[in-house]
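Read the structure below first, then the notes.
Numbering of residues begins at 1 and proceeds along the displayed sequence. The structure displayed is predicted, hence computed values, not measured ones.
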Amino acid sequence: MNVLDDLAGGLVVSCQPLPDDPGDPMRDPYVQARVAAAVVRGGAVAVRVNGPDDVRTVRAAVDVPMIGLYKHGAEDVFITPTAAHALEVALAGADIVAIDATDRPRPDGRAFADTVRVLRERTDALILADVATAAEGVAAVEAGADAVATTLSGYTPASPPTDGPDLGLVERLVALLPVPVIAEGRYRNTEQIGRAFEAGAHAVVMGNAVTSPLWITRRLVPATPRAASAPKQRSER
């Protein structure tokens, strides 16, 4: 038994501000801790949290398993891109550390397996490999990942973007891997959650559709008459 068993058959909620909007008012560790407490009260079996400050603050607010990550940069590999980032998140209190395990070059020049080795030597944290393809999932498990998530499907050159979740990748990974497969990426409703579990997912992660008022409002406003009649604003340089 390990902490991954506590996630089985449940909903994990990602409690993070929008990464591409520095002005998101939710960008505050205390706010994210309150969000985490709310989703746990609602039945989330675990939370996914970005950055050591948020990890520490959320850890003090909830007692469910925490998937920690450290977003750094904005292009290519930016989800826990180096061994140093991974170690910071683990030492801040994450039970599981999510790491980009795609086949793209990493900023520190190390392979994913090197980051796995650093965490094994220094912490007891489990390792979740965020991948975009089935081949990357297989390679991640061979390198020592404890679980694999479909987080990056649609966000790399090797995986074409889709509007909804990549259920096909969930099915392929479940068929290929001996470790839990976590469905993540563009899950927005109960039907999609159900289909992910039918495909064999160990757990499902939802993020913006639950925890980002900014993201939700931006998707809803275009349906209003006011938005349809508003003049398009010129971009400022």
Exercise. Which of these passes side chain to side chain contact (heavy atoms under 4.5 Å, CB included) with Ile67: Asn50, Leu7, Asp95?
Worked result: Leu7
Seminar exercise, completed: Interatomic distance, CG@Asp21 vs OG@Ser212, rounded to 0.5 Å, equals 8.5 Å
Side-chain heavy atoms nearer than 4.5 Å, only ILVMFWY residues, links allowed to pass through others: does that put [X] and [Y] together?
| X | Y | value |
| --- | --- | --- |
| Tyr30 | Met26 | no |
| Leu87 | Val49 | yes |
| Val13 | Val89 | yes |
| Ile96 | Ile182 | yes |

Taking the side chain as everything from C-beta on, heavy atoms only, tell me whether [X] gets closer than 4.5 Å to [Y].
| X | Y | answer |
| --- | --- | --- |
| Val12 | Val204 | no |
| Val148 | Leu128 | no |
| Ile79 | Leu152 | yes |

For this session: Using atom types as modelled and distance alone, determine if a side-chain donor or acceptor of Arg186 lies under 3.5 Å from a backbone N or O of Gly164.
Result: yes
For this session: Ignoring hydrogens and angles, tell me if any N or O in the side chain of Thr115 forms a donor-acceptor pair with the backbone of Thr82 under 3.5 Å.
Result: no
Exercise. When you look at Asp20 and Lys71, which way does the salt bridge (charged side-chain N to carboxylate O under 4.0 Å, His left out) test go after all the steps?
Worked result: CA-CA 11 Å; Asp20 57 351; Lys71 289 181 178 176; over 6 Å; no
[X], [atom1] atom: more than 12 neighbouring heavy atoms under 6.0 Å:
| X | atom1 | value |
| --- | --- | --- |
| Arg120 | CZ | yes |
| Arg195 | CZ | no |
| Asp163 | CG | no |

Exercise. How about Thr224 and Arg226: does a side-chain donor come under 3.5 Å of a side-chain acceptor?
Worked result: no
Exercise. How about Ser153 and Thr150: does a side-chain donor come under 3.5 Å of a side-chain acceptor?
Worked result: no
Exercise. Are the charged groups of Asp100 and Arg104 less than 4.0 angstrom apart, N to O?
Worked result: yes
For this session: Could you go through the salt bridge (charged side-chain N to carboxylate O under 4.0 Å, His left out) check for Arg27 and Asp54 one step at a time?
Result: CA-CA 10 Å; Arg27 193 175 296 281; Asp54 283 23; over 6 Å; no
Seminar exercise, completed: All heavy atoms of His85 vs all of Thr80, minimum pair found to be C-CG2, 3.9 Å
